[in-house]
Amino acid sequence: MAVFGKAQYIKRVEDDRLLTGTGGFTDNLSRPNQAHVVLVRSPHAHAKILKIDTSAAKKAPGVVAVYTWADMEKEGVGNFAFPTMFPAADGSKPEMTPRRSLAHEVVRYVGEAVVAIVADTREQAQDAFELVDIEYEQLPSVTEIEDALKPGAPQVWQGAPGNIAGYNKFGDHAKAEEAFKSAAHVVSLDIVHQRLIVNAMEPRAVMAEWENDRLIVHIGSQNPSVTRDTLCDVILKMPKDKVRVVVRDIGGGFGMKVGIQPDEAVAVWAAKVLKRPVRWRAERGEEFAATTAGRDQFHKASMAFDKDGRILGLRMEAFANIGAYPSRGGVVIPLFVGPKVTTGTYDIPLVDLKITCVITNTATIGAYRGAGRPECILNLERLMDTAARQMGMDPAELRRRNFVKPSQMPYTTAMGEKYDSGDFNLFLTKTLEAADWDGFAARKAEAEKRGKLYGRGLASYVEWTSANVMNEMAHYEVKEDGKVVIWMGTQGMGQGLQTSFTQLASELLGIDPSQIEIAMGDSDRVGGVGSMGSRSAYIGGSAVLSGSEKLVDKGKELAADALEAATADIVYSAGRFTITGTDRGIGLGELAAKQPDKRIFIENVNTVDGIAWPNGAHVGEVEIDPETGMVELKRYTTVDDVGKPLHRPIVFGQIHGGCAQGIGQALLEENVYDRESGQLMTGSFMDYAMPRAETFPTFNNQLDDTVPAKSNPIGAKGVGESGTVGSTPTVMNAIMDALWPLGVRNIQMPATPQRVWQAIQSTRK
């Protein structure tokens with residue numbers, strides 16, 4: 001095989017176990033004498049807890065224990081750490097309300113855990129659930145950003161006046177004002193980025209058990225070592241060498257399974273105090289109500305152009321709902337992460353950006369695939385298409401006039417971010433060709449003959465990656481049978497990392513893929529940051545590259561000793577070390593067998609030079625029935641720059657899945673709370689629409705790998721979230737293109753049949 005998957009591709013390593021039902025999911029685990037946790041959750045959005053009576057539940061059959069926060073506090077359990085709070089616009093700093101594993105004194109959203117029941121079986125715990133008597137005094141609640149900011153609004157935290165949890169700003173307000181005053185064209189849009197539920201195939205699950213004097217925690221986590229550290233420092237108050245976190249198959253993470261959430265920690269603590277195995281698995285309804293959600297932002301966006309269509313400045317005011325308690329991602333994503341791509345692929349000289357984080361009586365917002373970048377790119381691309389229509393210009397031409405050029409690389413944006421590489425016009429051109437841009441008129445005419453509206457949308461995107469941590473671990477172990485086990489700090493969760501890293505290591509070491517095992521998910525074996533922020537391929541892959549090089553170098557030293565030759569005379573090829581100019585040599589496995597512990601072991605931490613910037617362009621076409629508002633996605637094309645792909649089929653799968661999630665946001669998904677009561681209205685799949693196969697046409701996904709990243713030695717750029725970033729604005733632009741001739745000028749997501757139909761009807765009055 002050629003380097004980095006340019007010839008043939010290995011069969012997916014994960015497929016056999018996943019397709020035959022033998023995957024190792026957390027909830028499949030079962031242990032003798034195990035107990036089960038069921039959580040009693042708040043039915044109110046905001047209420048004082050007046051009394052908790054658990055006496056009847058404690059007497060129920062099979063019940064082992066019933067816990068409240070008072071029980072956990074007695075054992076020294078700490079509060080979950082908040083991110084650093086940022087001052088509000090007036091300079092005041094919010095006073096944080098402690099977040100505990102179980103609510104104490106006040107509940108602040110529907111679904112907040114209050115009582116934990118531990119029983120011999122899940123069914124017994126569920127029966128005892130009905131016997132817990134909690135008396136509440138309801139308080140006024142607020143769930144919408146707009147309502148939370150009104151004077152006199154109910155306060156979620158008393159220490160956060162006005163429900164403000166933080167504020168940030170970027171750019172030069174005065175210069176941006178001047179640019180807008182001098183502009184020949186100004187476009188403005190109000191854009192709602194609705195709240196989304198994170199639906200992984202396997203809900204969150206925990207199995208905690210004792211092994212001698214150590215607590216072993218099996219959990220679906222995107223970063224095992226970080227999860228262990230949080231448990232030890234906050235919940236268990238145990239030395240880190242006494243806790244081991246093991247991650248098996250996860251069944252999807254999407255940001256929801258970064259770290260550990262408060263309700264998950266209850267089961268681990270129960271196992272500690274009961275000294276027996278304890279299991280917890282969220283019901284699907286609990287995931288709707290209580291796990292971290294995504295997006296939930298409102299943006300007011302404007303862009304100024306000169307008479308030739310060149311961008312003079314960009315202005316955005318953003319409000320981000322973080323829920324009742326801030327997670328690290330919930331605050332950092334809107335204040336810092338999303339803004340990194342605010343200028344996208346365009347040479348925008350001035351920005352004026354303000355972001356406010358708002359507290360409400362809703363479940364906590366956290367990372368969700370794309371994490372801030374889909375919001376900012378959608379704003380940008382909606383503005384670009386709207387400007388093109390208002391100026392009577394081809395949307396592709398408007399983008400071309402404003403792209404950052406390859407000759408400007410490395411390019412520093414108005415946000416201070418440095419793009420190391422990129423040819424945005426190249427990918428736009430390739431996407432237009434692949435999408436048959438020039439054939440659109442004929443397809444539109446055919447649809448109109450059938451009484452349908454037809455539109456096309458375009459988006460150019462750039463993606464920020466790395467989660468701002470540039471190092472990762474890849475430890476190598478060669479066994480005496482020649483098997484090479486690589487312990488990775490990244491974490492597979494369905495994205496095919498085992499396959500990609502096997503492919504890469506196989507090519508680097510020149511050995512058969514069957515001789516390589518990629519091992520992840522064990523805090524005992526390897527640390528590392530984990531997988532989030534599309535960092536796995538280029539940061540983890542670079543660790544595989546450096547680890548392979550170190551293994552070969554170490555092997556040469558050991559082979560020189562074994563073969564009684566000088567190290568400089570040893571060469572390596574295809575799993576074998578030989579003396580230059582002779583046929584004398586020794587294989588990897590044979591060399592490992594000669595070592596005192598029958599193995600060769602290399603500890604390896606690698607650091608890349610900086611952030612990678614995936615990018616590309618998407619084109620989509622939609623058909624709308626004006627009588628029903630039904631939107632049908634007819635064609636979808638992408639050409640993506642992921643740098644050097646490690647395993648192309650895996651990359652295409654990631655792009656496909658990302659597009660599906662982004663299109664789901666554009667057309668279907670929306671988490672809704674009742675504005676008056678704070679009750680969750682979309683608490684199941686009966687009320688929350690998820691995309692299905694019938695939602696999509698066959699995607700035409702293509703790659704161009706001629707613009708590798710310069711920030712890492714393998715030239716990869718990341719791909720896990722790119723499809724999500726580019727797809728949502730593409731579909732919304734296509735819908736607006738179809739509706740524009742009718743007089744519709746803006747529509748919010750999701751573009752449901754009802755919302756589209758109402759927009760059409762509003763133009764007929």
Side-chain angles (χ1 to χ4, degrees), residues 1-20 22-24 249 472-492 495-522 525-526 536-537 540-560 562-563 570-579 583-604 606 645-650 714:
M1 288 182 282
V3 176
F4 308 145
K6 284 195 172 182
Q8 58 185 350
Y9 298 96
I10 66 170
K11 176 185 174 184
R12 281 177 53 104
V13 174
E14 303 91 342
D15 278 0
D16 284 348
R17 71 173 188 273
L18 295 176
L19 293 176
T20 58
T22 56
D249 290 315
E472 197 49 85
M473 297 183 180
H475 298 340
Y476 277 60
E477 180 182 10
V478 182
K479 298 184 177 182
E480 56 186 323
D481 62 357
K483 191 89 169 181
V484 179
V485 181
I486 307 174
W487 286 94
M488 299 292 301
T490 54
Q491 181 58 52
Q495 74 275 54
L497 290 187
Q498 285 180 289
T499 300
S500 298
F501 291 149
T502 299
Q503 172 100 28
L504 179 59
S506 172
E507 295 179 3
L508 292 168
L509 296 175
I511 61 177
D512 192 272
S514 64
Q515 288 296 101
I516 296 171
E517 178 187 348
I518 303 297
M520 295 176 280
D522 191 335
R525 296 303 303 264
V526 65
S536 299
S542 294
V544 172
L545 173 60
S546 64
S548 297
E549 292 171 344
K550 289 177 182 178
L551 174 62
V552 170
D553 289 343
K554 179 68 173 177
K556 286 181 178 179
E557 295 176 5
L558 298 175
L563 298 173
I570 302 296
V571 295
Y572 173 82
S573 178
R576 187 171 177 81
F577 298 93
T578 57
I579 302 172
D583 60 358
R584 289 183 60 217
I586 188 170
L588 266 174
E590 186 182 356
L591 184 61
K594 288 182 175 293
Q595 306 313 308
D597 55 356
K598 305 297 183 183
R599 67 170 188 160
I600 303 170
F601 184 72
I602 302 292
E603 285 193 353
N604 174 55
N606 186 77
L646 302 186
H647 189 285
R648 285 175 182 259
I650 293 287
I714 60 176

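- The heavy-atom pair separating Ile586 from Ala562 by the smallest distance is CD1-CB, 4.3 Å.
- Under the salt bridge (Lys or Arg N to Asp or Glu O under 4.0 Å) criterion, Lys594 pairs with no residue, sequence neighbours left out.
- Side-chain atoms of Arg525 do not come within 3.5 Å of backbone N or O of Trp487 as any donor-acceptor pair.
- Put simply, the residue from Asn604, Leu508, Asn606 that forms a side chain to side chain contact (heavy atoms under 4.5 Å, CB included) with Val544 is Leu508.
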Residues 510-522 side chain polar contacts: donor-acceptor under 3.5 Å, at least two apart:
| from | atom 1 | to | atom 2 | distance (Å) |
| --- | --- | --- | --- | --- |
| Asp512 | OD1 | Ser514 | N | 2.8 |
| Asp512 | OD1 | Ser514 | OG | 2.6 |
| Gln515 | NE2 | Gly482 | O | 3.3 |
| Asp522 | OD1 | Arg244 | NE | 3.0 |
| Asp522 | OD1 | Asp524 | N | 2.9 |
| Asp522 | OD2 | Arg244 | NE | 3.3 |
| Asp522 | OD2 | Arg244 | NH2 | 2.5 |

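- Between Lys479 and Asp481 there is no salt bridge, since none of the side-chain N atoms of the basic residue sits less than 4.0 Å from a carboxylate O of the acidic one.
- For the side chain to side chain contact (heavy atoms under 4.5 Å, CB included) criterion with Arg12, the lone passing option out of Ile10, Asp15, Asp16 is Asp15.
- Among Arg599, Lys598, Lys554, the single residue meeting the salt bridge (charged side-chain N to carboxylate O under 4.0 Å, His left out) criterion with Glu477 is Arg599.
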Handout entry: Ile570 vs Ile579, side chain to side chain contact (heavy atoms under 4.5 Å, CB included): CA-CA, chis, key distance, verdict
Key = CA-CA 5 Å; Ile570 302 296; Ile579 302 172; 4.0 Å; yes

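- When all heavy atoms of Asp583 and Arg576 are compared, the pair lying nearest together is O-NH2, 4.4 Å.
- Contact between Gly23 and Leu18 at its shortest, heavy atoms only, is CA-CD2, 4.4 Å.
- For Val478 against Leu588, the heavy-atom pair with the smallest separation is CG1-O, 3.8 Å.
- Distance check, rounded to the nearest 0.5 Å: CG of Leu509 to CD1 of Ile486 gives 6.5 Å.
- Pro649 approaches Tyr9 most closely through the heavy-atom pair CD-CG, 3.8 Å.
- One finds the OG atom of Ser548 at 11.0 Å from the CG atom of Asp553 (value rounded to the nearest 0.5 Å).
- Listed for the Tyr476 side chain is no donor-acceptor partner under 3.5 Å among the backbone atoms of Ile600.
- Distance check, rounded to the nearest 0.5 Å: CZ of Arg584 to CG of Leu563 gives 5.5 Å.
- Two residues are said to be in side-chain contact when any heavy atoms from C-beta on lie closer than 4.5 Å; Leu646 and Gln503 fail this criterion.
- The aromatic rings of Phe577 and Tyr572 sit tilted, their planes meeting at an angle between 30° and 60°.
- Side chain of Glu14 to backbone of Gln498: a donor-acceptor contact under 3.5 angstrom is found.
- Rounded to the nearest 0.5 Å, atoms CG (Leu497) and OG1 (Thr502) are 10.0 Å apart.
- Counting all heavy atoms, side chain and backbone alike, Ala474 lies closest to Met488 at CB-SD, 3.6 Å.
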